[in-house]
There are 2 protein chains.
Amino acid sequence: MVNKEVNDNTRERILIAAKKVFLLKGMAGARMQDIADEAGINKAMLHYYYRSKEKLFEMIFEEALAQFFPKIVDIIDSGIPLFEKIALFCSEYIDMMLKNTYLPLFVLNEVNKQPEYFKERFWKGKNSLFEKFAAEIAAEIKGRRMKNINPAHLFINMISMCIFPFIAKPLWMMSTNMDELQFRGFMEQRKTEIPKFIIESIKK
Amino acid sequence: MVNKEVNDNTRERILIAAKKVFLLKGMAGARMQDIADEAGINKAMLHYYYRSKEKLFEMIFEEALAQFFPKIVDIIDSGIPLFEKIALFCSEYIDMMLKNTYLPLFVLNEVNKQPEYFKERFWKGKNSLFEKFAAEIAAEIKGRRMKNINPAHLFINMISMCIFPFIAKPLWMMSTNMDELQFRGFMEQRKTEIPKFIIESIKK
DNA sequence: GTCTATAACTCGATAGAC
DNA sequence: GTCTATCGAGTTATAGAC
């Protein structure tokens with residue numbers, strides 16, 4: 001009983017440490033020693049619980065993907081009106097990234113570095129991610145409730161404006177002389193600024 | 001004389017090979033052996049010409065920064081009217097990235113991985129990158145030629161929509177079932193779609 | 001300048017004591 | 001379950017012949 005608890009505790013602490021190190025340094029840059037230090041244990045333990053660096057990485061990557069994607073799908077698949085949907089998406093997605101600043105760059109970087117690995121291992125039956133969204137926009141256009149715009153462009157415009165600032169964060173902070181707190185404030189503003197900017201452009 | 005030419009030739013071939021490998025795999029993921037293979041020579045030559053992996057990386061990184069930045073500054077500092085400036089920026093910048101697909105992710109990733117190193121080594125007196133742009137927008141707003149919008153948001157909206165698709169390229173191609181050629185066509189469209197989208201939103 | 005061989009070192013992984 | 005010690009593969013870097 002006591003062992004079980006200690007076990008779970010260590011297992012969990014390794015995961016937390018690994019997440020921190022992998023998200024900061026990526027698969028290629030992370031060291032098992034860094035993770036062990038961060039977790040306050042020694043290297044052998046990492047292998048005892050997770051066999052190899054790759055297995056440990058997969059755990060973290062899978063968890064990261066689970067955070068990165070479902071939010072998108074859930075909101076887009078919901079039944080609320082398009083303009084509200086856009087506002088909700090931006091707000092929720094930016095909120096999630098404010099709690100996980102390194103998540104977007106980590107995911108996109110690893111997908112770029114090993115696209116085949118990602119495709120086979122993690123990309124199963126997710127082909128039609130934004131088809132529903134595209135159909136909804138087509139309907140709005142046909143009903144003359146918004147301007148004619150290619151849904152693909154609208155979709156990636158929205159995503160770009162939400163995610164990119166987190167990817168360019170250090171560069172952006174240098175360019176604007178923002179500190180951590182000001183950056184967070186800036187992203188808080190964007191929760192409403194982005195929807196406003198989009199809707200202003202597409203409304204009739 | 002002959003030696004000099006051979007020298008230059010090898011030096012140059014190493015740079016080209018190193019650029020390819022570093023941009024694809026990043027500093028942490030790149031191997032000196034990969035670069036040597038790509039250049040069709042052996043590892044010792046790399047050290048003969050560039051001393052160390054880090055020195056070689058700095059060369060490539062510096063060159064990458066030179067491509068990534070000046071285009072922005074030049075156009076933004078030019079005297080053309082704001083709306084044309086936005087159109088020109090998007091077109092030129094996307095064009096540059098179409099020729100260097102991996103450039104944005106490479107630069108932003110390395111800056112994120114080593115922000116201090118970047119700041120000290122490469123960020124000298126570039127603080128006011130978009131101040132001029134902000135001032136110009138402020139003038140337009142005051143002159144009632146466009147809607148009231150925070151210049152910082154407008155600026156990063158524009159940059160985000162141009163750069164992000166390249167960073168999310170593999171994921172985007174999977175989501176939309178695009179092939180390489182279709183992706184290029186899509187980005188060609190965006191050269192005009194993005195300015196249209198922006199101007200539609202801010203014009204009065 | 002270019003190559004082969006190898007030194008020096010880093011890092012993931014394992015053995016074995018407790 | 002946890003630790004120390006160490007192995008062995010892989011990598012950067014150098015020595016030395018040509």
Side-chain angles (χ1 to χ4, degrees), chain A residues 1-64 106 109-110 113-114 117 121, chain B residues 1-62 106 109-110 113-114 117 121:
Chain A
M1 272 305 195
V2 173
N3 273 352
K4 189 73 192 319
E5 277 175 36
V6 173
N7 176 329
D8 280 1
N9 208 341
T10 305
R11 242 195 144 74
E12 190 57 28
R13 275 172 57 201
I14 291 174
L15 268 191
I16 293 169
K19 181 171 181 178
K20 188 168 177 182
V21 174
F22 275 128
L23 262 75
L24 208 60
K25 307 201 177 182
M27 171 62 176
R31 301 286 163 249
M32 293 296 263
Q33 188 63 60
D34 300 336
I35 299 174
D37 292 347
E38 180 70 36
I41 50 159
N42 72 53
K43 272 193 300 178
M45 286 284 90
L46 304 180
H47 292 95
Y48 177 79
Y49 282 105
Y50 296 96
R51 273 193 66 84
S52 69
K53 183 184 178 184
E54 191 170 335
K55 291 252 184 289
L56 185 51
F57 173 79
E58 280 179 21
M59 292 277 181
I60 304 302
F61 192 52
E62 206 142 5
E63 195 193 324
F106 171 70
N109 197 39
E110 296 300 333
K113 251 70 184 178
Q114 310 186 32
Y117 170 80
R121 186 85 180 65
Chain B
M1 270 306 196
V2 174
N3 272 353
K4 188 75 195 313
E5 276 177 38
V6 172
N7 176 327
D8 280 2
N9 207 341
T10 305
R11 241 194 145 73
E12 190 56 29
R13 276 171 57 199
I14 291 174
L15 268 192
I16 293 169
K19 182 172 181 177
K20 188 166 177 183
V21 173
F22 275 129
L23 261 76
L24 207 61
K25 307 198 175 183
M27 171 61 175
R31 301 285 164 251
M32 293 297 262
Q33 188 63 60
D34 300 336
I35 298 175
D37 293 347
E38 181 70 35
I41 49 159
N42 74 53
K43 274 190 299 176
M45 286 286 90
L46 304 181
H47 291 96
Y48 177 78
Y49 282 105
Y50 296 96
R51 272 195 66 84
S52 68
K53 182 183 177 183
E54 190 169 336
K55 290 254 185 291
L56 184 50
F57 173 79
E58 279 179 22
M59 291 278 182
I60 303 303
F61 191 53
E62 205 143 3
F106 171 70
N109 197 39
E110 297 299 334
K113 251 71 184 178
Q114 309 187 32
Y117 170 79
R121 186 88 180 58

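Residue numbers start from 1 in every chain, and the chains themselves are labelled A, B, ... in the order their sequence lines are given, proteins ahead of strands.
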Taken to the nearest whole Å, NE2/H47(B) to P/dA5(C) is 18 Å
Taken to the nearest whole Å, CG/L46(B) to C1'/dT11(D) is 12 Å
Against the side chain of I41(A), the closest entry in dT2(C), dA13(C), dC3(D) is dC3(D)
Verify the ring-centre separation between F22(A) and F57(A): is it less than 6.0 angstrom?
-> yes
Just by modelled atom types, is the Y49(A) backbone N or O under 3.5 Å from a matching donor or acceptor in the K55(A) side chain?
no
Y49(A) OH to dT14(C) C1', in whole Å, measures 17 Å
Between CZ of F57(B) and P of dA13(D) the distance, given in whole Å, is 14 Å
Check: Using a cut-off of less than 4.0 Å, is there contact between a side-chain N or O of S52(A) and OP1 or OP2 of dG12(C)?
Finding: no
In this structure, NZ of K113(B) is separated from CG of L24(A) (nearest 0.5 Å) by 7.5 Å
Rounded to whole Å, OH of Y48(B) lies from C1' of dC18(D) at a distance of 14 Å
Q33(B) atom CD is separated from dA9(D) atom C1', nearest whole Å, by 15 Å
Check: Quick check: does any side chain N or O of Y50(B) sit under 3.5 Å from a backbone N or O of M45(B), one acting as donor and the other as acceptor?
Finding: no
Rounded to whole Å, CE of M45(B) lies from P of dA15(D) at a distance of 14 Å
Winner on side-chain proximity to R31(A), out of dC11(C), dT2(C), dT12(D), is dC11(C)
Report task. Name the nucleic acid region contacted by A30(B), choosing base, sugar-phosphate or nothing; use a 4.0 angstrom heavy-atom cut-off, strictly under. Result -> sugar-phosphate
Which of dG1(D), dT12(D), dT4(C) is nearest the side chain of N42(B)? It is dT4(C)
Is a side-chain donor or acceptor of K53(A) paired with a backbone partner of M27(A) at a separation under 3.5 angstrom? yes
Taking dT4(C), dT2(C), dT2(D) as options, the one with an atom nearest any side-chain atom of A44(B) is dT4(C)
Judged by nearest nucleotide, the residue sitting upstream toward the 5' end of DNA chain C, G40(B) or K43(B), is G40(B)
In whole angstroms, the gap separating P of dC7(D) from CE of M32(A) amounts to 20 Å
